[in-house]
Each structure stands twice: as C-alpha cells, then as structure tokens.
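Just below is one structure, and these are the notes that go with it.
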Amino acid sequence: MHTSIGKGSIVPEIDAETLRRISRLAMVQVGETEKVASELSAILEYFSMLSTVPERQQPVLPTTDADEDSPGDQDEFMVRLIRENFPARSGTHLRVPVNK
Amino acid sequence: MNQEQHLKERFEERRRMALTSHSNAFITISEGFGAITEGRLSGVIFGVKDNIATRGMRLTCASRLMKDYVSPYSATVVERLQRAGALILGKNNMDEFACGSSGERSAFGPTANPLFPGKVPGGSSSGSASAVAEGIVDASIGSDTGGSVRCPSSFCSTVGLKPSYGRVSRYGLVDLSMSLESPAPIVRYGDELLLADIMDTIAGEDERDQRTLGMAAPQFRRRLMDAAIENTMFAIPQQLLASCTREVVNEFDRFVSFLKEKGARLERIQFSYLHLSLPTYYVVMYSEFASAMQRYDGLKFGTAADSSGIESRILESRSQLGEEVRRRILLGTYITSLEGRSRWYEKGMAAKAYISEELASALNASDVLLMPTMPTTPYRFGERLSPLDMYSTDLLTVPANIAGLPSISFPAAPGIGIQLIGKHGSDEFLVSLVNSIREAGWKWKSS
C-alpha cells in the first residue's frame with residue numbers, strides 16, 4: 001500500500017497489517033487502523049534521518065542474567081557496559097504491591 | 001503564636017489558594033500534614049508531581065487508568081523531603097504518564113499558565129511549575145525525561161533543574177523512560193538557596209536505585225558561591241538557534257550581551273550529531289515506555305475492567321489510556337520488534353552514544369553549554385495537538401537527557417527560558433552559576 005505522507009508518495013513503514021500485529025502484542029486497541037498506521041508511519045518518516053547514523057558496535061542488550069542482583073566477577077566488563085548504557089536494574093522503578 | 005500554629009495557618013492559607021485557584025495545578029490536595037519535623041526544609045511547602053509515590057495519597061499519573069490508586073509507600077525523594085521538615089500540599093497535575101510537552105494531556109483537565117491566560121504552561125510537569133509560579137507552593141518536585149521540568153519552567157518563568165542522571169534516586173518515580181529521567185525540583189527565580197537546600201536533601205546515594213551508588217554526596221549550599229560569570233566559558237550550539245522563533249532569539253541575544261558585559265567568555269560551536277537528538281530521544285523513550293507500560297493492565301496496576309477473559313479485560317482496561325500514551329506504546333512495541341529493531345532501536349542507541357560523546361567533548365573545552373530552553377514562547381491551547389508539532393518543541397531540552405547531563409532553566413523574559421547544560425556531576429556548579437547571574441543583576445522582568 002502506498003500513501004502520501006510529507007513531500008512524496010512513500011511506502012509506509014507501518015501498514016494496516018503490521019499495526020494489527022503490534023497492537024495485539026502491545027495489548028492496545030486501535031480504532032481506525034488505516035488512519036493510525038498512516039499517522040505512525042508519518043512519525044517514523046520524520047525520524048528517518050536516523051538512517052544516516054554510522055554503524056556502531058553496541059553493547060549486548062541487558063538480559064535476564066545481567067539483571068541478576070549479584071553478577072559474577074567474570075561478568076564485570078559486561079556489567080560495566082550495561083550500567084553505562086542502560087537503565088538501572090531491579091528496585092529502581094515502581095514496584096509496589098497491588099493496591100488493596 | 002508558636003511555630004506549630006504558624007505553620008498550620010500558613011499551610012491552611014496555601015491550601016485555600018490551591019482549592020480556589022483556576023489553574024487546575026493539583027489533582028489531589030492534602031487535608032493537612034502530620035507531625036512537624038525540624039530540619040533543613042522545615043515549613044517549606046511543596047507540590048509533588050502525580051507520578052511520584054507519596055504514601056497514603058493518590059498516584060494517578062493523570063490517567064483514568066490510575067485515578068483511584070493510592071500509593072502504599074513514598075518515593076525516596078518524598079521520604080527525604082518529609083524527613084527534612086517539608087510539608088506536602090498535594091499532587092500536581094501533569095500530562096498523562098508524562099507523555100506531553102504542553103500540560104494539555106491530563107485526564108483531569110489541562111493546567112493553566114498563571115502568566116499567560118489561554119496559553120499552555122508547558123509539560124509534562126505542568127502543575128508543578130504552574131503552582132510555583134502562582135505562589136501556591138514554595139517549590140515542587142517534578143520529573144524530567146526530555147525536558148518535562150525545564151519546558152514548563154520556561155513557559156511559567158520558574159527555575160527548573162534536571163539533575164545529572166543518577167544524582168537523585170528514581171525509586172518511587174513512575175517511569176516514562178528509565179534511562180533518561182530524574183526527579184527534578186522547581187523553585188522561583190531568586191530562590192537559589194532554597195534550590196540548594198532541596199538538592200542537598202534529595203540527592204545522594206540510595207540503595208534502592210543502584211544508579212545513585214558511587215555518586216558524589218551533594219554540596220549545593222556549601223558551593224553556592226563558587227561560580228563566577230567572568231571565570232566561565234559558555235559554548236553556544238549555534239545550529240540549534242535556527243529552530244527558535246525571532247522573539248526567543250532576541251531575548252537570548254539580550255542575555256548573551258549581558259554575559260559579555262560581565263566578562264564571560266563565549267564561543268559559538270557546531271556539532272555533527274546534535275541535530276539527531278529529537279529522533280534519538282523519541283526512539284529510546286518509545287522503547288522503554290512500551291516496556292514500562294506493560295504492567296498497567298488492570299490486573300497488576302490500573303482499574304480492573306468487567307469483561308470476561310483475561311485478554312479482553314486487559315484490552316478494556318488499557319482503553320482508558322489517552323491517545324498519546326497509546327501512540328507511544330504502539331511505536332515502542334514496533335521499534336523493539338524484530339523487524340524494527342535494527343532500523344530504529346539500534347540506530348537510536350548508536351546515535352545516543354555519538355551525541356553523548358560529542359557533548360562530553362564540547363564540555364571538555366568549555367564549562368557550560370548555553371541556549372534557549374524552548375524554541376517558542378507559550379502557545380495557545382490546541383495549537384500543537386499533532387504529535388510532530390508537539391515533539392518538535394523538545395529539540396533543545398532532549399540532548400541533556402540523552403547524555404545524562406545536568407541542565408537548568410531560568411527565566412530570560414516572561415515565558416522564555418535560558419538553559420545551561422553542564423558536565424555530568426556539575427549540578428552544584430549550575431545552581432551556583434544561576435545564583436551568580438542573578439547577583440550580577442540579571443532580571444527577567446522589569447519590576
């Protein structure tokens with residue numbers, strides 16, 4: 001499907017089928033699928049300048065193991081990388097019992 | 001009249017102001033306060049943004065989904081304020097789950113700008129800045145993920161400090177994007193000593209937020225007089241000024257002339273990656289936000305729906321989320337999916353690293369970066385409802401969050417702020433510098 005966004009006719013990043021799939025994953029209901037897909041695509045199109053960013057060696061994404069409270073010494077290097085590049089770990093965000 | 005009676009009367013007077021104000025700056029107003037504690041902030045009256053847990057008070061995040069939720073514990077910042085004698089007047093209005101830059105996106109209605117009737121106060125800590133500007137509270141604690149304290153400080157002409165990432169514990173802050181955000185105080189211009197006392201109270205290590213571990217102990221009051229304009233090198237990111245309106249640039253130039261007159265050293269510099277700040281910020285934030293929002297399903301958090309079946313109950317509960325919140329969840333889910341990850345998330349993380357390095361390098365050659373806080377003056381309600389129109393106003397504030405750097409906004413003119421960004425950990429210096437700028441005679445209004 002092609003749609004007119006911004007200056008020209010482009011292939012949208014998110015089409016209706018993709019939106020249906022991600023809305024199921026996200027557990028978020030979407031009303032007018034075509035309209036929302038077009039709107040989300042327009043936002044990503046505006047952000048497309050990110051494609052000019054040179055490749056860069058990225059640290060490994062934080063995994064469940066790395067999120068353990070007591071990483072072993074052998075993991076010190078990875079833990080440092082993760083701490084420098086990713087958010088703090090357990091206990092730093094809202095973790096409270098369900099309100100009674 | 002003894003001190004306790006005096007405090008009670010003062011608190012009651014502010015409470016009446018909050019109840020009768022037309023600004024809608026509060027979602028919940030306290031009935032009173034408990035025992036009086038002697039401390040650094042004895043009797044100082046605070047507002048707390050409604051995404052920061054305060055025991056026994058509602059924690060709505062300005063969302064229908066959380067409208068009846070009462071927090072069973074207090075955030076570290078709230079605990080520390082209360083221990084130092086602060087009095088919490090209530091919970092401030094905000095954009096829902098901090099998703100907004102205008103103060104228009106609250107399920108409890110928009111917040112007004114006390115300086116500019118009919119115009120937005122800025123967001124997402126809209127009520128925090130509005131209540132300080134109106135004089136209902138002495139200070140407030142908001143949160144800043146991409147400018148959420150500096151933007152409303154600019155529009156309401158208050159002083160907002162976004163601390164270095166890790167200087168202030170995020171424990172008890174409902175996260176929008178946990179790698180970018182921090183609780184952040186707001187005071188009136190001229191109250192730098194109070195700001196120093198607030199930071200000396202809330203900053204510092206907290207074992208419940210490991211990113212605070214190893215950070216320097218706060219010394220804001222002790223170092224309040226350290227900075228001097230004439231000893232400071234200011235670097236101006238020239239290309240960012242092109243995004244500002246003429247009115248903003250004029251006021252910024254007036255401030256630059258003032259600095260020159262006072263003997264400051266200034267240079268204009270160019271960056272290679274800074275123009276990518278906006279997409280970088282949003283890509284990282286969408287991803288973290290979509291993950292953080294998974295727990296608001298009507299089962300763990302949020303108002304439970306009546307539908308039968310778990311999936312339909314979750315969908316119905318989450319249908320209470322506002323349009324912008326749902327938009328960010330959808331985009332974050334896509335960006336972190338297999339097909340979106342390499343094109344968006346990995347590029348965003350790479351850009352985050354490049355921008356951070358570039359800012360660090362610029363701050364090795366200068367003491368602070370200097371720029372306007374917002375590219376525009378406050379705009380009319382409804383004027384920037386499209387997402388891209390709203391996002392574009394964050395251009396000048398997001399770089400500090402991307403790099404985890406401290407940043408402070410103070411007034412240049414009514415509705416226009418000046419922003420300083422410092423090296424990581426130089427929060428004390430920024431507060432001291434604003435103090436020295438005021439003492440050197442900088443005024444944001446004629447009277």
Side-chain angles (χ1 to χ4, degrees), chain A residues 5-6 13-15 18-31 33 36-37 39-62 67 69 71 79 81-100, chain B residues 53 68-73 166 169-175 178-179 208-212 273 275-276 278-280 282-283 288 290 292 294-295 297 299-301 311 314-315 318-319 321 326-327 329-334 337 339-340 343-344 346-354 387-388 391:
Chain A
I5 299 166
E13 172 93 18
I14 297 175
D15 60 19
T18 306
L19 179 61
R20 270 191 283 274
R21 192 162 42 75
I22 61 171
S23 69
R24 216 162 37 240
L25 276 173
M27 301 297 270
V28 169
Q29 281 175 321
V30 176
T33 311
V36 175
E39 185 183 85
L40 299 186
S41 295
I43 292 170
L44 291 177
E45 187 202 0
Y46 180 73
F47 291 164
S48 62
M49 64 182 93
L50 272 184
S51 63
T52 63
V53 175
E55 292 296 323
R56 184 181 176 105
Q57 189 66 37
Q58 292 294 310
V60 178
L61 294 175
D67 277 347
D69 280 333
V79 169
L81 276 179
I82 289 163
R83 281 185 175 163
E84 283 171 359
N85 290 280
F86 293 97
R89 303 167 301 157
S90 58
T92 60
H93 54 273
L94 188 72
R95 285 195 180 177
V96 292
V98 175
N99 203 30
K100 289 178 182 167
Chain B
D68 298 318
Y69 182 80
V70 176
S71 176
Y73 80 118
S169 171
R170 289 174 295 115
Y171 180 76
L173 166 66
V174 178
D175 47 329
M178 61 171 75
S179 75
R208 295 173 295 188
D209 178 354
Q210 294 188 18
R211 292 309 297 258
T212 63
Y273 292 104
H275 67 287
L276 297 173
L278 213 52
T280 301
Y282 274 97
V283 163
E288 295 181 6
Q294 286 177 13
R295 75 189 80 130
D297 55 9
L299 303 172
K300 291 189 281 297
F301 287 100
E311 188 172 334
I314 294 172
L315 285 171
R318 285 165 77 87
S319 70
L321 295 169
R326 282 181 281 137
R327 182 181 293 128
I329 293 172
L330 288 169
L331 281 164
T333 303
Y334 176 70
S337 71
E339 63 192 289
R343 185 164 173 196
W344 295 105
E346 288 173 12
K347 285 285 187 185
M349 291 304 290
K352 184 174 187 268
Y354 287 124
L388 289 176
Y391 297 169

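To find a chain, count down the sequence lines: A is the first, B the second, and so on, and within it residues start at 1.
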Between A:Met27 and B:Glu311, is any pair of side-chain heavy atoms under 4.5 Å apart?
yes
Let me confirm one number: the OG1-CG distance from B:Thr280 to A:Leu50, rounded to the nearest 0.5 Å.
5.0 Å
Using 0.5 Å steps for rounding, measure from the CD atom of A:Glu39 to the CZ atom of B:Arg327.
4.0 Å
Step-by-step side chain to side chain contact (heavy atoms under 4.5 Å, CB included) determination, B:Tyr282 to A:Tyr46
CA-CA 11 Å; B:Tyr282 274 97; A:Tyr46 180 73; over 6 Å; no
Okay, A:Leu19 and chain B: the region with an atom under 4.5 Å from a heavy atom over there is side chain
Name the one of B:Glu346, B:Lys347, B:Met349, B:Lys352 that satisfies side chain to side chain contact (heavy atoms under 4.5 Å, CB included) with A:Val53?
B:Lys347
Which one, B:Leu276, B:Val283, B:Leu388, leads in non-hydrogen pairs under 4.5 Å with chain A?
B:Leu388
Can you name the nearest heavy-atom pair linking A:Met49 to B:Pro279, along with the distance?
CG-CG, 3.9 Å
Does the A:Arg56 side chain pair with the main chain of B:Ala353, one donor and one acceptor, at a distance under 3.5 Å?
no
Bottom line for A:Ser23: the part with an atom under 4.5 Å from chain B's heavy atoms is both
Shortest non-hydrogen contact between B:Ala350 and A:Pro54, atoms and distance:
CB-O, 4.2 Å
Among B:Asp297, B:Leu331, B:Ile329, who wins on heavy-atom pairs under 4.5 Å with chain A?
B:Leu331
Non-hydrogen atoms of A:Glu13 and B:Trp344 that approach each other most closely:
OE2-NE1, 2.9 Å
Could you check whether any side-chain heavy atom of A:Thr18 comes within less than 4.5 Å of a side-chain heavy atom of B:Glu339, counting everything from C-beta outward?
yes
Atom of B:Tyr334, atom of A:Ile22 and distance for their closest heavy-atom approach:
CB-CD1, 3.7 Å
For chain A, which of B:Thr333, B:Leu278, B:Leu330 has the most heavy-atom pairs under 4.5 Å?
B:Leu330
